[in-house]
Amino acid sequence: VSPVEAYQHAPVAAPESAGGDFDAIYSEHFLFVWRCLRGLGVADAALDDAAQEVFLVVYRRLPSFRRESTVRTWLYGIVRNVAANQRRTATRREADPLDEALPSASPGPEAHAEDAEAAAFVARFVAALDDKRRDVFVLGVIEELAMPEVAVMIGVPLNTAYSRLRAVRAEFRRALEHRRSER
Amino acid sequence: MNDETSLERELLRKARRGLSPSRADEERVRAALTRLVALAPPAPSGPNDDGAPENAAGTQAHAGSVAAPEHAAGAAGRWFSRLAISTALVAAGGTGYLAGHRAGFERGSAVSRVDSRPAPASPSGVPSDDRLRSPAPVVPPVPAEPASPRALLKKSSGAADAPDLGLDEEVRLLKRIERALRDQNPRYALGLLGELERAVPGGQLVEERHAAKAMARCQLAGGSDAVASEFAKTHPGSAYASRVTETCRGGAQ
């Protein structure tokens with residue numbers, strides 16, 4: 001799926017904020033977009049680009065908002081498309097002789113080492129999840145959104161969302177125990 | 001559901017911090033968005049309007065408040081032209097980059113052309129377009145390379161004009177990458193290289209991609225002889241070798 005297709009398939013919905021001002025959306029939701037992109041497996045080196053892609057879609061589609069869902073729900077649909085596209089590309093990308101020595105985009109100087117380590121652990125855990133559980137983990141556990149909102153965002157009945165949350169939490173707990181036992 | 005253990009809670013709290021962007025991340029993306037909106041060509045009104053997301057300048061009719069220098073968009077639209085393939089992208093130091101020797105890709109033409117049309121002011125203040133219009137270093141034109149099996153496959157299975165569109169996209173993104181390198185923004189350049197790989201997997205300007213990637217990595221790492229050596233080994237005799245070496249030796253351009 002090309003970026004164009006990702007853009008074309010991005011759901012068109014509605015922000016609840018009056019005016020739908022782009023700057024306001026950017027300022028209010030940049031953290032959410034960035035963290036979701038990372039949670040959904042976008043590589044550090046591609047984060048800037050992915051975040052831009054998300055907000056460019058927002059910029060283009062803002063005039064056609066229909067105010068039928070929250071901004072966050074709308075954004076997450078875009079984020080999910082962009083991240084899925086990025087993951088698929090990363091998976092099928094041919095080996096590049098220059099990739100080996102590519103320095104990873106390390107956390108900024110603000111990032112504490114423990115935070116970075118915890119983030120890496122969570123990212124590895126999320127990377128191993130299937131799409132359904134990944135969505136619930138990112139939104140319900142990392143972003144701590146209420147399950148009713150999560151259910152709407154991913155388009156499943158509330159009970160299904162809760163069921164997935166329980167399963168993925170149990171799995172996370174096992175991963176955490178395993179990590180602790182190895183230390 | 002609030003059944004987190006304290007261990008879980010603590011780890012998640014740290015992970016949230018670790019996954020969060022810094023203020024610099026937010027500002028960098030905002031600045032890049034501003035440039036994109038300002039520099040991307042106005043989107044045509046037809047069905048191709050939605051092109052790549054970065055063609056978002058077409059939304060200028062929208063009253064969104066992303067700052068966009070008024071003078072830039074139109075000229076930039078002309079600037080991102082089909083002819084651009086033979087326009088030299090020039091390093092800040094004036095050394096040729098993506099020089100016209102690749103002109104052979106453009107429908108068999110071996111003539112290196114230079115875009116002579118008015119160019120937009122650089123958003124970064126760098127007189128980029130003077131450089132872009134500077135004559136490319138004299139590089140003997142090479143005949144068009146035989147199409148790779150991959151390219152042939154694309155031609156046979158895709159729309160008739162698909163290869164040209166891919167090349168246009170490749171050039172357009174490489175120009176953005178070049179700007180990012182001039183702006184000393186290697187992370188953004190690497191992100192764009194990822195975008196390029198997604199938009200035009202493989203592509204035709206492989207050497208250019210590798211050169212840009214090597215320079216971005218050297219900027220990011222503050223210099224790396226290993227990267228320069230790797231590039232030289234992968235592309236012996238490359239026209240970009242000196243610029244890569246220079247960047248990797250100095251850690252910046």
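Bear in mind that the values here come from a model prediction, so they are computed numbers and not experimental data. Letters A, B, ... are given to chains in the order of the sequence lines, protein chains preceding strands, and every chain is numbered from 1.
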Discussion item. Suppose a student defines contact as a heavy atom less than 4.5 Å from any heavy atom of chain B. Which residues in residues 121-132 of chain A would they list?
Written reply: A/F121, A/V122
Fill in: Carboxylate-amine/guanidinium contact A/E149 A/R72, below 4.0 Å
yes
Item to complete: Anything under 30° is parallel, anything over 60° is perpendicular, the rest tilted; go ahead and classify B/H210 against B/H235.
Response: tilted
Worksheet entry | Qualifying residues under side-chain hydrogen bond (donor to acceptor under 3.5 Å, both in side chains), relative to A/R180, sequence neighbours excluded | A/E177
Discussion item. Would you say A/D49 and B/Y188 are linked by a side-chain donor-acceptor pair, where the criterion is simply a distance under 3.5 Å?
Written reply: no
Fill in: Under 3.5 Å: donor-acceptor pair, side chain of B/R16, backbone of A/I142
yes
Item to complete: Determine the interplanar angle of the A/F30 and A/Y26 rings, folded into 0 to 90°, and report it as parallel if under 30°, tilted if 30 to 60°, perpendicular if over 60°.
Response: tilted
